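Following: one structure in structure tokens, then a few remarks.
Computed from a predicted model, the values in this text were never measured in an experiment.
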Amino acid sequence: MPDQRPFFIVACARSGTTLLRTILNRHPDVVVTPESHFITELWQRRRRYGPRGRVVQLHRFVDDLQASRRYRLWDLPADLLHEEVGRLEGPAPSFADVVTAPFRAYARWKGKPRWGDKTPAYVEHIPLLASLFPDARFVH
């Protein structure tokens with residue numbers, strides 16, 4: 001079974017992250033999404049979705065995600081996102097579980113089991129990402 005831990009490619013601008021993304025996307029088991037930026041944007045609005053890092057208002061979260069300009073650039077079919085969100089267990093999944101849904105949907109769409117994110121600006125948000133994704137790896 002391939003490694004399922006997410007990874008984040010972070011760096012300063014114009015440092016070769018796009019080339020690294022292109023190379024990694026050639027691997028049969030790995031897909032690196034286009035820049036997301038929405039993890040931190042949605043985290044700032046997390047109280048809209050529910051208390052204590054839980055997402056009670058899934059429809060509100062999905063609406064905000066789909067309104068994100070960066071997310072729309074992924075061109076991910078909406079039905080794949082909704083299907084992945086529908087797989088979440090419990091009445092109030094964690095923020096991390098819900099924000100992982102578009103990445104998992106993107107990986108499934110591309111036919112690959114492991115996903116990574118290339119958003120260089122996340123270099124300023126490593127502590128947040130590490131708290132949301134404790135098993136994540138960071139490529140800097």
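- Take F95 and apply the ring pair (Phe, Tyr, Trp, His ring centres under 6.0 Å) test, not counting sequence neighbours, and it matches W43, F61.
- Between K118 and E35 there is a side-chain heavy-atom pair separated by less than 4.5 Å.
- Taking a 4.5 Å side-chain heavy-atom cut-off between Ile, Leu, Val, Met, Phe, Trp and Tyr, the cluster of L73 contains only that residue.
- Side-chain contact between V98 and Y49: absent, with no pair of heavy atoms (C-beta onward) separated by less than 4.5 Å.
- By the 4.5 Å heavy-atom criterion applied to side chains, F138 and V123 are not counted as neighbours.
- Within the structure, ring-ring contact (aromatic ring centres under 6.0 Å, His included) pairs that include any residue of residues 116-137 comprise F8-F133 (at least two apart or interchain).
- Both F38 and V10 are members of a single hydrophobic cluster when ILVMFWY side chains are connected at heavy-atom separations under 4.5 Å.
- When all heavy atoms of A101 and L81 are compared, the closest pair comes out as C-CD1, 4.4 Å.
- With contacts defined as side-chain heavy-atom distances shorter than 4.5 Å, the pair P102/E84 does not qualify.
- Side chains of L88 and L58 form a contact here, defined as non-hydrogen atoms less than 4.5 Å apart.
- Side chain of K110 to backbone of W115: no donor-acceptor contact under 3.5 angstrom is found.
- E83 has a carboxylate O that lies under 4.0 Å from a charged side-chain N of R108, or vice versa, which qualifies the two as a salt bridge.
- In this structure, the salt bridge (charged side-chain N to carboxylate O under 4.0 Å, His left out) partners of R48, at least two apart in sequence or on a different chain, are D64.
- Between L24 and I9 the shortest side-chain heavy-atom distance falls below 4.5 Å.
- The closest side-chain heavy-atom distance from N25 to V31 is below 4.5 Å.
- Taking Ile, Leu, Val, Met, Phe, Trp and Tyr as members and joining any whose side-chain heavy atoms lie under 4.5 Å apart, directly or through other members, V56 forms no hydrophobic cluster with any other residue.
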Requested in this report: Would you sort out whether W74 and Y106 count as a ring-ring contact (aromatic ring centres under 6.0 Å, His included), showing the intermediate values?
Outcome: CA-CA 8 Å; W74 289 18; Y106 191 88; 5.2 Å; yes
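- A donor-acceptor pair is defined here as one N or O able to donate and one able to accept, closer than 3.5 Å; such a pair exists between the side chain of R54 and the backbone of A92.
- Listed by first and then second residue, the salt bridge (charged side-chain N to carboxylate O under 4.0 Å, His left out) pairs that reach into residues 123-140 come to none, sequence neighbours excluded.
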